[in-house]
Asks: 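Quick one: this structure, given as structure tokens, is what I'll be asking you about.
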Amino acid sequence: MISIQKIRDDKSSVAKELSKKDKSISLDNIVKSDSELRDLTKKLNDLQSEQNKQSKEIGKLKSKKSADKSVFEDLKKLSNTIKELENEQRTKSQQLRDMLLQIPNMPHKSVPIGESPIDNVISKECSSKKELKFKPKSHVDIVKDLDLIDFEIGAKISGTGFPLYKGNGALLERALINFMIDYNLKNYDYTEIFPPFLVKPGSANTTGQLPKFGEDMYHIEKDDLYLIPTAEVPLTNIHKDEILNLSDLPKYYLAYSGCFRREAGSYGKDTRGLLRVHQFNKVELVKFVHPKDSYSELESLTKQAAKILDMLDLDYRIVELCSGDLSFAASKCYDLEVWAPGEKKWLEVSSCSNFEDFQARRGNIKFRDENNKINYVHTLNGSGLATPRVLAALLETHQTKDGSISIPSSLQPYTGLAEIK
RNA sequence: GGAGGCGUGGCAGAGCGGUUGAAUGCACUGGUCUUGAAAACCAGCAAGGGUGCAAGCCCUUCGUAGGUUCGAAUCCUACCGCCUCCGCCA
């Protein structure tokens, strides 16, 4: 959520920044609604003040008899007027908040301006691309030949997009998850969390999935709970409605979770194999930091995520998203894309974003700064990493001519296997 | 799922219709004392909004949302959360 104060004080520059992301955004209704609300609030405050004053007078007398009847009649009228205005105020402030929640975050000044993925900037490409001396198979064929994943049975049980991992496929998936968790825990200062996979609407609102993108999540209507699309949602809400101490920052959390996405609107895209599925596994990294540090934290977060791809001997590149390709809540974002030689595609396996105070405002997450002033924290998150596409790239990269898979050495302690055949 | 109890400031814990934004203790911050620290003593210490150069002043908030009343932390209703007991269950 963008600060209403900021919009009020400098509407044109906020609008200008927002247009880099989405040209169709208008702040006019918000400014109008804000000014109406403030007029109303002023009026209401005066009446409340009057009411308090007179009620206290009566209190001092301690006896109803000593007060004139007409005083009570007047006060009753005043009381009713106040109630009406309070109702109006409640409605208006809710309306204003609803509008504000629809406004995306502003891109950081350093973000390249652009409209679509074409304008993204490839900031680092891993050059040591391994050339295979044979025609590489797609992971779809590999998992079938080696009996690692059964898409048909998954579809029979749950529908398309719910892969069923099997035998060494299940082992490999589990190994990847454990490797990623352990690697991050060992090398950085994360606290491991095992979060709930179902969350309340308010939690999804903090991170920005709601109110605009409810259609992308699975919703349990009976209990009004959402299946998480990423562990970012529960992790970011750990400190909802809290004021952290300066000494608490930075706070780093890591969690494995299943991730559930309806992928509404993307039917027909990447339907084959592991590239786009409704349920997948991911290790997520979330940081709560001092605002002055958030951009250096974004750099280190991105490097941390990329290191995992190094460890798995995969080729990847880091992509700096342009303004138009940034997600709703992000100020700046780097994508990690891994090379899949069978698919001959770069696959997005991580998104590392700085949300600045956008999520912190929505979730009311603050800290006491060095001057004892209360301020919003900055939040960041990054996947470290999402498994299905990593698995696809891993199988395609480490396949051999005879059809077997050689397991990268970093993963072998977790699989207990050097190869799968 | 049934019965009961409870939700007050960072924590503990008073208050149960009227100058209560809220006693007291702990924690925290500043000061006195001390070579330094501890102890002791003194002082300060909720958040949000509005207004003002500022000091300040005004409004809101005692789980959440409604209601009763001139006036609610205090009374009523619903919801949420926590605890205890019973039932069911991985």
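Keep in mind it's a predicted model, so treat the numbers as computed, not measured. Naming: A, B, ... by sequence-line order, numbering from 1 per chain.
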Asks: Measure the acute angle between the ring planes of A:Phe260 and A:Phe197, then classify it against the limits of 30° and 60° as parallel, tilted or perpendicular.
Replies: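 Tilted.
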Asks: If we call it a pair only when both distances are under 3.5 Å in a Watson-Crick or G-U wobble match, what pairs with B:G30?
Replies: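 The answer is B:C42, by the H-bond criterion.
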Asks: From C-beta outward on A:Lys76, which listed nucleotide comes closest to its side chain: B:G50, B:C70, B:C59?
Replies: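 So the side chain of A:Lys76 is nearest to B:C70.
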Asks: Return yes if some donor-acceptor pair links the side-chain N/O of A:Ser404 with the main-chain N/O of A:Thr400 below 3.5 Å, else return no.
Replies: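 No.
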Asks: Any chance the rings of A:Tyr295 and A:His378 have centres within less than 6.0 Å?
Replies: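 Ring centres of A:His378 and A:Tyr295 not closer than 6.0 Å.
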Asks: If you pin A:Asn375 and A:Lys53 to their nearest nucleotides in RNA chain B, which one's is more 5'?
Replies: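 Its nearest nucleotide being more 5', the pick is A:Asn375.
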Asks: Roughly, in whole Å, what's the span from CG in A:Asp74 to P in B:G71?
Replies: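 Going from A:Asp74 (CG) to B:G71 (P), I get 13 Å.
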Asks: At under 4.0 Å, does any side-chain N or O of A:Arg368 touch on OP1 or OP2 of B:G10?
Replies: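 No, outside the criterion.
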Asks: Just N and O in the side chain of A:Gln5: are any of them under 4.0 Å from OP1 or OP2 of B:G50?
Replies: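 Yes, A:Gln5 has a side-chain N/O under 4.0 Å of OP1/OP2 on B:G50.
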Asks: Would you tell me if any nitrogen or oxygen in the side chain of A:Arg8 comes within less than 4.0 Å of OP1 or OP2 on B:G50?
Replies: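 Yes, because at least one side-chain N or O of A:Arg8 sits under 4.0 Å from OP1 or OP2 of B:G50.
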Asks: Could you encode protein contacts along nucleotides 72-83 of chain B as a string, one character per nucleotide from 5' to 3', using B for base contact, S for sugar-phosphate-only contact and - for no contact, with a heavy-atom cut-off of under 4.0 Å?
Replies: ------------
Asks: So which nucleotide from B:C58, B:G18, B:A47 ends up closest to the side chain of A:Ser55?
Replies: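 Ranking B:C58, B:G18, B:A47 by closest atom to the A:Ser55 side chain puts B:G18 first.
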Asks: Below 4.0 angstrom, N of the basic side chain to O of the carboxylate: do A:Glu320 and A:Lys332 qualify?
Replies: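 Here A:Glu320 pairs with A:Lys332 in a salt bridge, since their nearest N and O are under 4.0 Å apart.
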Asks: Show the nearest heavy-atom pair for residues A:Leu171 and A:Tyr414, with the distance to one decimal.
Replies: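 Closest heavy-atom pair between A:Leu171 and A:Tyr414: CD1-O, 4.4 Å.
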Asks: Could you tell me how the ring of A:Phe288 sits relative to the ring of A:His239: parallel (under 30°), tilted (30 to 60°) or perpendicular (over 60°)?
Replies: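 A:Phe288 and A:His239: perpendicular rings.
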Asks: Which nucleotide, B:G18, B:G50, B:U60, lies nearest any side-chain atom of A:Lys42?
Replies: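 Among B:G18, B:G50, B:U60, the one nearest the side chain of A:Lys42 is B:G50.
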Asks: Report the distance from atom CG of A:Leu96 to atom P of B:G49, rounded to the nearest whole Å.
Replies: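 My rounded result for the distance is 13 Å.
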Asks: Closer than 4.0 Å, any side-chain N/O of A:Lys366 to the OP1 or OP2 of B:G48?
Replies: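 Indeed, a polar side-chain atom of A:Lys366 lies that close.
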Asks: Counting heavy atoms from C-beta on, name the nucleotide in B:A47, B:G49, B:U69 closest to the side chain of A:Asn45.
Replies: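 For the A:Asn45 side chain, the nearest candidate turns out to be B:G49.
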Asks: B:U51, OP1 or OP2 - any side-chain N/O from A:Arg38 closer than 4.0 Å?
Replies: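 Yes, within the criterion.
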Asks: Just N and O in the side chain of A:Asn52: are any of them under 4.0 Å from OP1 or OP2 of B:C59?
Replies: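 True: A:Asn52 side-chain N/O within range (under 4.0 Å) of B:C59 OP1/OP2.
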